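Beneath this line is the structure, given in structure tokens, with notes to follow.
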Amino acid sequence: MTDDAFGRGGGDGAAGGTGPAGRPTRVLVADDQTVVREGIVMLLGLLPGIEVVGAAADGEEAVRLVARHEPDVVLMDLRMPRCDGVEATRRIRAEHPGTEVVILTTYADDESLFPALQAGARGYLTKDAGGEEIARAVADVRSGAAGLSPQIQRRLLERLSASTTEELAPELAPERATERATERRPHALPSSLPDGLTTREAEVLALIAEGLSNAEIAGRLFVSPATVKTHINNLFAKTAVRDRAQAVTYAFRHGIARPPA
């Protein structure tokens, strides 16, 4: 089910953030998984103060339906075909500044979170959020505030704290400053990477060569283990290696990591 034939949120309560004139908040849902999309639509339909005006199966359709329905808020998935949630958010915010975007996704890693916020999303929730949390985020972004889950707020504070520490690194003891710099930028990568590897994939490969596990790599790079696994799958495919031992050999051969002395 996409676009039309949606029930309206019942009641006059403010859970969904009614507007100044008592008008319900008009919401559009974008998610490529039919079951998830229809479940979100059904959930929103039960919340007072929210009217679902459309549903899109990908980012391209979301942009088109925003132009048609002019919703107040879009609940946007990130990983979708044709046009992903980040690009759709960027286009919606550029073409329809009156429409706010709340990301609703499975992923909470840095490589999902920060591009979405930079594209203009004002809210970010993971799909384990309940109806009350979604309604609160919708109301928050409509009122001009940020609609972030507690988990995402903590991640932003951690990132801000780490950035501040890095800026202050020259004022630390020289050995500690060097240690912190090494923690955040552990490898001097070649200026030109082979086989189409991205910088992040090369960083992951270098850490594999150091003998780190997926969980340790995730901690070093401030991403989720699932993101690390995705990078490993991608770099294995690009370099045609079959296992971590071959990956280590590849890293040494191409200067991505240094063999032990």
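Just so we're clear, the structure is a prediction, and the values are computed from it rather than from any experiment.
Counting non-hydrogen atoms of other residues, nucleotides and ligands closer than 6.0 Å to CD of E70 gives a total of 12 or fewer.
When I134, V52, L104 are each tested for a side-chain contact (heavy atoms from CB on, under 4.5 Å) with I40, only one passes: L104. Considering L44, V41, I103, L28 in turn, L44 is the only one that fulfils the side-chain contact (heavy atoms from CB on, under 4.5 Å) rule with L75.
A salt bridge links K127 with D77: the closest approach of a Lys/Arg side-chain nitrogen to an acidic carboxylate oxygen falls below 4.0 angstrom. A salt bridge links E132 to R136: at least one charged side-chain nitrogen sits closer than 4.0 Å to a carboxylate oxygen. The pair E87-R90 meets the salt-bridge criterion, since a charged nitrogen lies less than 4.0 angstrom from a carboxylate oxygen. A salt bridge is defined here as a Lys NZ or Arg NE, NH1 or NH2 lying under 4.0 Å from an Asp or Glu carboxylate O, and E60 with R91 meets this definition.
Taking CD of E38 as the start and CG of D31 as the end, the distance is 11.0 Å to the nearest 0.5 Å. With values rounded to the nearest 0.5 angstrom, H69 atom NE2 is found 10.0 Å from E51 atom CD. Between R26 atom CZ and I50 atom CD1 the span is 13.0 Å, to the nearest 0.5 Å. Residue L189 holds its CG atom at 10.5 Å from CZ of R200, rounded to the nearest 0.5 Å. Taken from NE2 in H231 to CG in L221, the straight-line distance is 8.0 Å, to the nearest 0.5 Å. Interatomic distance, L235 CG to Y250 OH, rounded to the nearest 0.5 Å: 9.0 Å.
When all heavy atoms of V102 and Y124 are compared, the closest pair comes out as CG1-N, 4.3 Å. Counting all heavy atoms, side chain and backbone alike, A209 lies closest to A251 at CB-CB, 4.1 Å. Here the closest non-hydrogen pair linking G147 and L125 is O-CD2, 4.3 Å.
In the hydrophobic clustering of this structure, F252 groups with I217; members are Ile, Leu, Val, Met, Phe, Trp, Tyr whose side-chain heavy atoms approach within less than 4.5 Å, directly or through other members.
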| message | With side-chain contact (heavy atoms from CB on, under 4.5 Å) as the criterion, how do I232 and K229 come out once you've worked through the C-alpha distance, each side chain's angles and the decisive distance to 0.1 Å? | response | CA-CA 5 Å; I232 290 174; K229 186 174 181 180; 5.6 Å; no

